[in-house]
Amino acid sequence: MRIDILTILPQLLSGPFSDSILQRAQNKGLVEIHLHDIREYSRDKHHKVDDYAFGGGAGMVMQIDPIYRCVEVLKSEREYDEVIYMTPDGHRLDQKECNELSLKKNLMILAGHYKGVDERVRELLITREISIGDYVLSGGELAGAVLSDAVIRLIPGVLNDETSALSDSFQDNLLSPPVYTRPANYKGHKVPEILTSGNTRAIEEWRHEKSLERTKARRPDLLED
Ligand code: ADE
């Protein structure tokens, strides 16, 4: 998979992709991440990429031209499955959408700023709009990093134990059961006996029961789907 991220703050994104699982995925050649500085596509001598909103009002709007030019260059080099705009008014990201996107080959992600992008960017260039939750971040970069992380870890070979992504919370609309590790007794707080019983089947049943219990208590909406 290849992910191209368009941003005015590439330095904000270099961190999340240069550590741990995301770095390993790139080293293994399973994913390529390319950051593009939208300012480099500005024709303004000060590399300006925003301007006042027509009609007035507070806040600057990201201009179409630098974004259009950047997208055009990338599209001339390869086909993109999706051009995604990170925005709080997009579709709220869930595991189903991550699974779907993990099967794609080339993704472009646009991180917005200020009051957002000129509406014509959305009309002409964007194929999908995604929000990572009902709150507003100061820019789309961190949201783009969250989306990328959630998608990349699903690519076969990225996680050492492939089954571990399948048993994540949400994969079957259930939250994960509690997990424990050594010591079996910490200051009198003991691990549930069944987990040390060696009875694999009983353990599986216990885990499923706990998943259900937790989902009913914390996210009953998941069970309604
Ligand atoms: N940009 C600002 N807030 C955002 C959010 N919640 N999701 C996606 N992009 C955003």
Side-chain angles (χ1 to χ4, degrees), residues 1-19 21-22 31 33-42 47-55 57-68 70-71 74 80-104 106-155 168-170 175 218-219 221-222 225:
M1 173 184 285
R2 175 182 166 118
I3 302 179
D4 290 272
I5 306 184
L6 282 56
T7 167
I8 54 163
L9 293 172
Q11 68 278 16
L12 187 62
L13 280 168
S14 54
F17 295 114
S18 55
D19 255 313
I21 290 173
L22 298 187
V31 66
I33 295 159
H34 298 267
L35 304 177
H36 305 275
D37 188 345
I38 296 169
R39 285 187 202 284
E40 289 177 11
Y41 296 84
S42 168
H47 304 289
K48 205 164 77 85
V49 291
D50 61 326
D51 212 329
Y52 296 101
F54 278 125
M60 305 294 272
V61 177
M62 283 176 76
Q63 293 171 292
I64 185 169
D65 188 57
I67 297 170
Y68 197 97
C70 182
V71 171
L74 290 172
Y80 285 86
D81 299 293
E82 298 280 356
V83 181
I84 301 166
Y85 176 46
M86 304 309 301
T87 172
D89 56 12
H91 171 256
R92 181 125 48 90
L93 184 65
D94 54 23
Q95 194 62 43
K96 183 165 162 266
E97 191 165 29
C98 295
N99 292 345
E100 187 201 329
L101 290 173
S102 75
L103 303 173
K104 309 283 189 195
N106 297 316
L107 298 177
M108 207 186 299
I109 299 177
L110 170 63
H113 255 268
Y114 316 117
K115 267 279 162 214
V117 295
D118 186 304
E119 188 65 18
R120 291 164 292 184
V121 169
R122 301 167 81 152
E123 289 165 4
L124 300 176
L125 303 172
I126 299 299
T127 62
R128 196 187 276 241
E129 304 191 333
I130 296 178
S131 160
I132 63 161
D134 290 344
Y135 44 83
V136 179
L137 301 166
S138 43
E141 282 76 15
L142 297 178
V146 166
L147 171 66
S148 302
D149 182 299
V151 167
I152 291 168
R153 64 192 293 286
L154 298 171
I155 299 170
D168 283 343
S169 278
F170 303 114
L175 300 182
R218 299 182 183 191
R219 292 292 306 275
D221 57 300
L222 293 175
D225 285 350

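Both ligands and their constituent atoms are indexed starting at 1 by order of listing.
Within ligand 1, counting atoms from 1 as listed, the ones closer than 4.0 Å to a heavy atom of Val136 are 3 (N). Residue Met86 has at least one heavy-atom neighbour below 4.0 Å for each of these atoms of ligand 1: 8 (C), 9 (N). Taking every heavy atom of Ile130 and a limit of under 4.0 angstrom, the matching atoms of ligand 1 come to 8 (C).
Closest to atom 6 (N) of ligand 1, if we only count protein heavy atoms, is Tyr135 O, 2.8 Å. Nearest to atom 7 (N) of ligand 1 among the protein's heavy atoms is Ile132 N, 3.0 Å. Protein heavy atom in closest approach to atom 1 (N) of ligand 1: Pro88 CD, 3.6 Å.
With contacts defined as side-chain heavy-atom distances shorter than 4.5 Å, the pair Leu142/Met86 does not qualify. With contacts defined as side-chain heavy-atom distances shorter than 4.5 Å, the pair Val61/Asp51 does not qualify. Counting only heavy atoms from C-beta outward, the side chains of Val71 and Met108 approach each other to under 4.5 Å. Residues Phe170 and Arg219 form a side-chain contact, since some pair of their non-hydrogen atoms from C-beta on lies under 4.5 Å apart.
Counting heavy atoms under 4.0 Å from ligand 1, residue Ala143 touches it through the side chain alone.
Ligand 1 lies less than 4.0 angstrom from a heavy atom belonging to Gly139.
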Report task. Check the pair Glu40 / His47 against side-chain hydrogen bond (donor to acceptor under 3.5 Å, both in side chains), numbers first and verdict last. Result -> CA-CA 7 Å; Glu40 289 177 11; His47 304 289; over 6 Å; no
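Among Leu137, Asp134, Thr87, the residue whose heavy atom lies closest to atom 3 (N) of ligand 1 is Leu137.
Heavy atoms only, all atoms of each residue included: Arg153 and Asp168 are closest at NH1-OD2, 2.5 Å.
Here His36 contributes atom NE2 and Ile67 contributes atom CD1; the two are 13.5 Å apart, rounded to the nearest 0.5 Å.
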